[in-house]
Amino acid sequence: MRVTLAALLACALPLTAAPAAASAAPPRVTLGSVIPAPVSVHADGSTFSLTARTVIESPSSARNVADRLASALRPATGYRLPIMAQAPAGVPAIALVPGHAGGQLGAEGYRLSVRRSGVTLRANENAGLYAGVQTLRQLLPAAIDAATPQRARWTVPGGDIVDYPRFGYRGAMLDEARHFHTPDEIKAYIDELSRFKVNYLHLHLADDQGWRIQIDSWPRLTTVGGAPGTGVDGVGGGYLTKAQYRDLVRYAAARYVTIVPEIDMPGHVNAAQVAYPELTCDGVAPPPRTDTDVGYSSLCIGKEVTYKFVEDVIRELAAMTPGPYLHIGGDEAQATTPADYLTFEQRVLPLVAKYGKTAYGWNEIAAAPAASSAVAQYWGLDTSNPTLAAAVAKGTKVVMSPANKAYLDQKYDPSTVLGLDWAGYIEVRTAYDWDPGTLLSDVPASAVLGVEAPLWSETLRSLDDIQFMAFPRLAAIAELGWSHSHDWDSFRARLGAYGSRWVAQDVNFYHSPQIDWAG
Ligand code: NGO
């Protein structure tokens with residue numbers, strides 16, 4: 001069922017007649033109607049009303065969060081919501097209180113208290129205040145997400161929430177190489193994923209079809225590798241300039257999202273070799289590729305120029321990436337012999353550390369001893385992986401992206417037009433019903449940094465396409481990363497209510513038949 005904005009807004013109007021049918025009733029927002037599920041929720045039966053008199057109280061140190069909160073609430077309410085250091089006596093406030101919120105909350109946790117007289121949000125760090133703001137947004141009626149003023153009663157259910165994440169790494173990945181997505185599209189995706197407290201965005205910036213990030217010392221990577229027509233089926237093309245990348249890093253950081261750049265190697269390098277034929281063993285440029293085959297290209301492991309190229313790329317990427325991780329791919333190196341693969345990884349993994357970053361790669365890197373100080377991203381279909389387990393015993397950390405559960409590019413069911421199906425169909429429940437800490441029987445939960453939901457874009461061109469595949473499954477993966485509890489019936493009910501928020505934001509999403517979409 002497609003919920004229309006008109007139906008949704010009708011639900012939010014206080015003066016409408018009784019709903020015509022039960023299915024048209026507005027989802028009742030309770031203190032627990034939040035995705036991801038908070039650690040503890042105690043409703044007290046009171047209600048806070050956001051009105052034209054409400055102010056946002058914030059010290060200057062939390063100004064960024066206050067600005068984000070105000071800009072989230074102003075469009076639909078039409079209220080001024082001024083930000084001030086101290087609310088005048090008797091004026092209802094949403095107060096942001098950074099610092100000294102208790103060790104249990106860590107950097108990203110928060111305490112939200114909603115009373116009739118006002119709302120108080122406490123956290124140790126601004127990241128925690130921002131997480132709390134996302135919770136508060138979900139406690140208002142869904143019409144709060146509309147872009148223009150709505151006539152509604154803006155109430156928040158009263159009580160207390162204490163919340164902090166299960167895992168420190170909660171990621172999403174977007175493939176910029178198969179089809180390029182513009183900075184504005186990436187920003188729109190960041191806006192949506194940060195609502196679910198996702199805190200890392202991994203950008204897959206190079207593959208066989210295209211190269212999507214400016215590297216000054218190798219300019220043809222983008223002038224050739226990012227030229228028009230360098231997408232799957234010859235559609236699209238484009239690349240991020242350094243200025244655009246830095247702007248994205250800043251935009252993400254203002255939403256407490258850290259960018260993780262990936263250059264895939266030693267395989268998935270056809271676009272680089274088209275631009276620079278010296279990166280092949282015979283020095284002959286291969287033809288450009290716009291099909292979706294994998295596993296046919298390899299850097300030339302025995303040539304010194306390979307390592308000059310790799311080091312230049314790593315150095316330039318590290319210099320514009322404040323986050324801790326730099327992803328060097330390493331998957332599907334079928335065109336590299338196993339011995340060459342080890343030679344390559346033993347030399348390249350330490351280069352990432354040389355430029356001050358933690359090396360991160362697909363789980364194949366676990367075969368190399370140098371991966372003991374790296375992070376390996378598990379993308380397999382199995383419930384054990386001896387090579388990864390052996391690396392973990394020596395120190396490798398793991399991010400879980402099992403392709404048959406966490407891959408957002410896989411079709412929901414056989415009728416899904418977009419997407420691939422090599423890992424199986426992934427309906428919402430399949431995306432939700434697993435535990436990142438225990439899925440791999442030979443990897444202890446203590447080695448798992450968290451989860452990531454990759455979105456490969458062989459079949460995806462527009463933002464609409466991205467949203468349709470990501471939502472609602474990204475919400476499921478985000479809950480696995482954040483929440484300490486796991487309950488399908490509860491998630492299903494909260495997701496059904498959340499649908500009206502995507503409607504209000506005009507976000508395209510899959511109306512899974514597994515969910516009762518309210519509104
Ligand atoms: C695989 C492959 C990618 C594909 C993707 C499609 C990994 C890590 N390597 O995942 O090149 O785009 O599947 O689902």
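Numbers for residues simply follow the sequence, beginning at 1. First listed ligand is number 1; within each ligand, the first listed atom is number 1.
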Check your understanding: Heavy-atom contact under 4.0 Å between H268 and ligand 1?
Key -> yes

Check your understanding: Relative to the heavy atoms of Q410, which atoms of ligand 1 are at a distance of less than 4.0 Å?
Key -> 14 (O)

Practice item. Using distance alone, with no hydrogens and no angle criterion, decide if D233 and T290 have a side-chain donor and acceptor under 3.5 Å apart. Key: no

Check your understanding: Which protein heavy atom lies closest to atom 9 (N) of ligand 1, and at what distance to 0.1 Å?
Key -> D331 OD2, 2.7 Å

Check your understanding: Do Y378 and E452 have side-chain atoms, one donor and one acceptor, less than 3.5 Å apart?
Key -> no

**Study point:** Test item: side-chain donor near acceptor, D145 and W502, under 3.5 Å
**Key:** no

Review point. Got the closest protein heavy atom to atom 14 (O) of ligand 1, with its distance?
Key: D409 OD2, 2.6 Å

Review point. Should the pair R170 and F167 be classed as cation-pi, given the thresholds of under 6.0 Å to the six-membered ring centre and 45° from the axis?
Key: no

Practice item. Any chance you could measure I515, atom CD1, to R429, atom CZ, to the nearest 0.5 Å? Key: 9.5 Å

Exercise for review: Please determine, by modelled atom types, if E262 and W362 share a side-chain donor-acceptor pair under 3.5 angstrom.
Suggested key: yes

Exercise for review: Pick one of side chain, backbone, both or neither for how L420 approaches ligand 1, counting any non-hydrogen atom pair under 4.0 Å.
Suggested key: side chain

Exercise for review: Return the residue, atom name and 0.1 Å-rounded distance of the protein heavy atom closest to atom 1 (C) of ligand 1.
Suggested key: W379 CZ3, 3.5 Å

Check your understanding: Is the shortest N/O to N/O distance between D207 and ligand 1 below 3.5 Å?
Key -> no

Revision key, fill the gap. for atom 10 (O) of ligand 1, nearest protein heavy atom and its distance come out as Y407 OH, 2.8 Å

Exercise for review: Give the numbers and elements of all ligand 1 atoms closer than 4.0 Å to a heavy atom of E332.
Suggested key: 2 (C), 3 (C), 9 (N), 11 (O)

Practice item. Answer yes or no for R473 and Y412: cation-pi contact, defined as NZ/CZ to six-membered ring centre under 6.0 Å and angle to ring axis within 45°. Key: yes

Review point. Taking atom types as modelled and ignoring hydrogens, do the side chains of N199 and E108 form a donor-acceptor contact shorter than 3.5 angstrom?
Key: yes

Exercise for review: Write out the residue and atom name of the closest protein heavy atom to atom 4 (C) of ligand 1, then the distance separating them to 0.1 Å.
Suggested key: E458 OE2, 3.4 Å

Review point. Under 3.5 Å, N or O to N or O, is R178 touching ligand 1 that way?
Key: yes

Exercise for review: Look only at interatomic distance and state if D175 has a nitrogen or oxygen under 3.5 Å from any nitrogen or oxygen of ligand 1.
Suggested key: no

